[in-house]
Amino acid sequence: MRIDVVTIFPGYFDALELSLMGKARDRGLIDLHVHDLRDSAHDKHRTVDDTPTGGGAGMVMKPEPWGAALDGILVGAGAGSDAASEAGEQPLAEPAAEPLIIFPSPAGEVFTQAMARELAHEQHLVFGCGRYEGIDQRVFEEYAERGRVRLVSIGDYVLNGGEVASIAMVEAIGRLLPGVVGNPDSLVEESHEAGLLEYPSYTKPAEWRGRRVPDVLLSGNHAAIDAWRHEQSVERTRRVRPDLLGD
Ligand SMILES: Nc1c(O)cccc1[N+](=O)[O-]
């Protein structure tokens, strides 16, 4: 999977050089390209924002740098405007799959494990990280007309921009790609994977500060262990997230 990120804070994405995401990149499972939006701001001061038209507090991200940045990514991917046909030539190869542009936004559809699974099938994702009071609305309109755009929220709280949300989504999606997680079985029994919260986990020692591991987990009876774990998942879900059970 190719992933492009557009941001005014590229350094945030150093986090994706670590751990599983870093290994996945080293092994070519994820091809991550981070673009500094200011490199697409061609005025002397590399301006990316301006005051809100109609008044109001804060600043809004200007459309021109976003247009230059996203065009550069889409045209490079053979999507958006077909450079070869514009030049009157036959494209040499099938254009790559059309990228999906994701703008993290508190006004977006809620990101879920089901969406992570869906997006793990994409060949090319582009994350546009807004800052300040957001991005000029015309950017969303422009690229929704030319291709596929989704505004996506990771939760109902206020962040300072889209970078943290993008990292969360890249990790949630990236870990589902074949070969990224060592043991694919570990993807099955996780919170939200089957619509339930995961059961409590234990390891050695069997007793710690007077607290014993549940006897069933020491029984070797795998049918009983599976039943206990499912029961624990359902009980935890009903207690903590009854909404997941439709209660
Ligand atoms: N919540 C929020 C925000 O306040 C700013 C950017 C992105 C998000 N989000 O994805 O949830």
Side-chain angles (χ1 to χ4, degrees), residues 1-16 18 20-21 30 32-41 47-67 69-70 73 99-122 124-144 147-177 190-193 195 197 240-241 243-244:
M1 176 184 285
R2 174 163 174 146
I3 299 176
D4 287 89
V5 178
V6 180
T7 172
I8 59 171
F9 292 116
Y12 264 91
F13 296 88
D14 293 351
L16 294 177
L18 306 173
L20 280 179
M21 289 300 101
I30 294 174
L32 179 69
H33 300 258
V34 181
H35 309 265
D36 187 336
L37 180 66
R38 294 191 191 281
D39 292 344
S40 296
T47 308
V48 295
D49 62 327
D50 205 333
T51 54
T53 303
M59 302 292 274
V60 175
M61 299 190 103
K62 293 169 57 63
E64 302 96 323
W66 278 102
L70 292 174
I73 293 167
L100 170 64
I101 304 176
I102 296 172
F103 291 101
S105 168
E109 53 187 303
V110 177
F111 185 70
T112 62
Q113 187 65 17
M115 189 187 295
R117 283 198 298 270
E118 175 197 348
L119 297 183
H121 294 290
E122 292 285 344
H124 188 179
L125 296 176
V126 181
F127 287 85
C129 301
R131 279 267 147 176
Y132 312 118
E133 297 310 308
I135 302 170
D136 187 297
Q137 179 65 22
R138 291 168 291 181
V139 173
F140 306 130
E141 292 167 1
E142 165 77 2
Y143 291 95
R148 297 183 298 148
V149 169
R150 292 174 78 168
L151 273 62
V152 180
S153 166
I154 64 166
D156 296 337
Y157 38 76
V158 180
L159 299 170
N160 294 325
E163 286 80 7
V164 167
S166 295
I167 291 170
M169 287 189 265
V170 167
E171 176 157 316
I173 296 163
R175 65 193 302 278
L176 297 177
L177 300 180
E190 294 181 312
S191 282
H192 304 290
E193 193 50 58
L197 300 185
V240 178
R241 289 291 305 277
D243 58 296
L244 293 178

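We use all heavy atoms of the structure for the numbers below, so side chains are in, but hydrogens, waters and symmetry mates are not. Atoms within each ligand, like the ligands themselves, are counted from 1 in listed order.
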Rounded to the nearest 0.5 Å, how far does CZ of R150 lie from OG of S105?
13.5 Å

Just which atoms of ligand 1 are under 4.0 Å from any heavy atom in V152?
10 (O)

Separation between CG (L151) and CD1 (I101), nearest 0.5 Å, reads 11.0 Å

Ligand-residue contact atoms, ligand 1 with G155, heavy atoms, under 4.0 Å
1 (N), 11 (O)

When rounded to the nearest 0.5 angstrom, what is the spacing between SG in C129 and CD1 in I135?
8.0 Å

Rounded to the nearest 0.5 angstrom, the CE-CG distance for M61 and D136 is 11.5 Å

Protein residue, atom and distance nearest to atom 5 (C) of ligand 1, heavy-atom basis:
P106 CD, 3.7 Å

Before signing off on this row, confirm whether L159 and ligand 1 have an N or O atom pair separated by under 3.5 Å.
yes

What atoms in ligand 1 come closer than 4.0 Å to a heavy atom of S153?
9 (N), 10 (O), 11 (O)

CD (E122) and CD (E118) are apart, to the nearest 0.5 Å, by 7.5 Å

Compute the shortest N/O to N/O distance between G161 and ligand 1 and return yes if it is under 3.5 Å, no if not.
no

Nearest non-hydrogen protein atom to atom 11 (O) of ligand 1, with distance, is I154 N, 3.0 Å

Close-contact set for ligand 1 against A165 heavy atoms, below 4.0 Å
10 (O)

Roughly how far, to the nearest 0.5 Å, is the NE2 atom of H33 from the CG atom of D4?
6.0 Å

Using a strict 4.0 Å cut-off to heavy atoms of V158, name the atoms of ligand 1 that fall inside it.
4 (O)

Let me see the working for Y12 and V34 under side chain to side chain contact (heavy atoms under 4.5 Å, CB included), right down to the final yes or no.
CA-CA 10 Å; Y12 264 91; V34 181; over 6 Å; no

Report, in ascending order of atom number, the atoms of ligand 1 lying under 4.0 Å from any heavy atom of Y157.
1 (N), 2 (C), 4 (O)

